[in-house]
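Have a look at the structure below, then the notes.
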Amino acid sequence: MNGVAQEPLDGAEESARTAMRHHHGQMMHRLKSLSAALGRAVAAGDTVAEHEAHAVLVEWCETELVPHALAEEEKLYGPAAGLPEGGLLVEGMLEEHRVLTGLLEELRGAGGVAAAVLGGSIERIFALHVDKEDRLLLPLLAAAPGLSLAESVEDLESLVGAAHVRHEP
C-alpha cells in the first residue's frame with residue numbers, strides 16, 4: 001500500500017499538504033547541497049573549504065532542521081499520536097528526530113571523512129523521514145475527522161517556510 005487510504009481532501013487540507021511537501025522539498029535540496037559541498041571539500045583535501053562547509057551545514061541543521069522538527073512535534077505529532085493509526089508512526093518519527101539530533105551532535109565535533117559521512121547520514125535519514133511524513137503522516141492528519149492539517153500548520157513558517165498555507169479574510 002502506498003500511503004494512507006483516504007477520501008479526496010478539501011481545498012484547505014490539500015493546500016496545507018502541498019505547502020508542507022514543497023517545504024520538505026526545499027529543505028531536502030538545501031541539505032543535499034550542503035552535504036555534497038562538505039563531501040567535495042573533504043575529497044579534495046581543501047581544509048579551508050571543509051571548515052566552511054562544515055560550519056554552514058551545522059548552522060543549517062541548528063537553525064532550520066532542528067526548529068522544523070520541534071515545530072512538527074508540537075503541531076503535528078501530538079494530534080497524529082492520538083489517532084489509532086498514528087501512534088506507532090509518531091513513535092518512529094520521534095525516534096528519527098532523536099537520531100538526527102544525535103548525528104548533529106557528532107557532526108559538531110567531527111572533521112574530515114567522518115564529518116562527510118555524518119553529513120551524508122543526516123541527509124539520507126532526513127530524506128526517509130520526510131518521505132514518511134509526506135506519504136503517511138500528512139494524509140493521515142488531513143483525512144482525520146475532527147482534525148485539520150490546515151489549522152495545524154497555519155502561520156508556521158518553521159514548517160512550511162515563507163509560503164503561507166492560507167489566509168482567512
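If you read the sequence from its start, that first residue is 1, and numbering goes on from there.
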Evaluation steps, side chain to side chain contact (heavy atoms under 4.5 Å, CB included), between Glu62 and Arg108 = CA-CA 10 Å; Glu62 292 172 341; Arg108 282 188 179 101; 2.7 Å; yes

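Contact annotation: the side chain of Phe126 never approaches that of Lys32 to less than 4.5 Å [non-hydrogen atoms, C-beta and beyond]. Between His24 and Met28 the shortest side-chain heavy-atom distance does not fall below 4.5 Å. Considering only heavy atoms from C-beta on, Val130 stays 4.5 Å or farther from Met27 through its side chain. Between Val153 and Lys75 there is no side-chain heavy-atom pair separated by less than 4.5 Å. Annotation: side chain of Pro79 is in contact with side chain of Leu141 (closest heavy-atom distance under 4.5 Å).
Checked options Leu34, Leu57, Val117, Leu31; the residue passing with Ile122 is Leu31 (criterion: side-chain contact (heavy atoms from CB on, under 4.5 Å)).
Separation of atoms SG (Cys61) and CD (Glu105) is listed at 10.5 Å; rounding is to 0.5 Å. Rounded to the nearest 0.5 angstrom, Leu138 CG and Glu14 CD are separated by 10.0 Å. Distance CG/Leu137 to CG/Asp131: 12.0 Å, rounded to 0.5 Å.
Closest non-hydrogen pair, Ala16 versus Ala150, comes out as CB-CA, 3.6 Å.
Judged as a side-chain hydrogen bond (donor to acceptor under 3.5 Å, both in side chains), the pairs with a partner in residues 115-125 (not counting sequence neighbours) are, in order, Ser35-Glu123.
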Throw together a table of side-chain donor-acceptor distances under 3.5 angstrom for residues 38-56, partners on residues two or more places apart or in other chains.
| residue | atom | partner | partner atom | Å |
| --- | --- | --- | --- | --- |
| Asp46 | OD1 | Val48 | N | 3.3 |
| Asp46 | OD1 | Ala49 | N | 3.0 |
| Glu50 | OE2 | Gly112 | N | 2.6 |
| His54 | NE2 | Leu107 | O | 2.6 |
| His54 | NE2 | Ala110 | O | 3.2 |

Could you pull out every donor-acceptor pair under 3.5 Å between side chains of residues 86-101 and any protein atom, sequence neighbours left out?
| residue | atom | partner | partner atom | Å |
| --- | --- | --- | --- | --- |
| Glu95 | OE1 | Arg98 | NE | 3.0 |
| Glu95 | OE1 | Arg98 | NH2 | 2.9 |
| Glu96 | OE1 | His129 | ND1 | 2.4 |
| Glu96 | OE2 | Lys132 | NZ | 2.2 |
| His97 | ND1 | Glu73 | OE2 | 2.7 |
| His97 | NE2 | Glu72 | OE1 | 3.2 |
| His97 | NE2 | Tyr77 | OH | 3.2 |
| His97 | NE2 | His129 | NE2 | 2.9 |
| Thr101 | OG1 | His97 | O | 2.9 |

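A donor-acceptor contact shorter than 3.5 Å is absent between the side chain of Ser33 and the backbone of His29. Using a distance-only test at 3.5 Å, with no hydrogens or angles considered, a donor-acceptor pair links the side chain of Glu13 to the main chain of Leu149.
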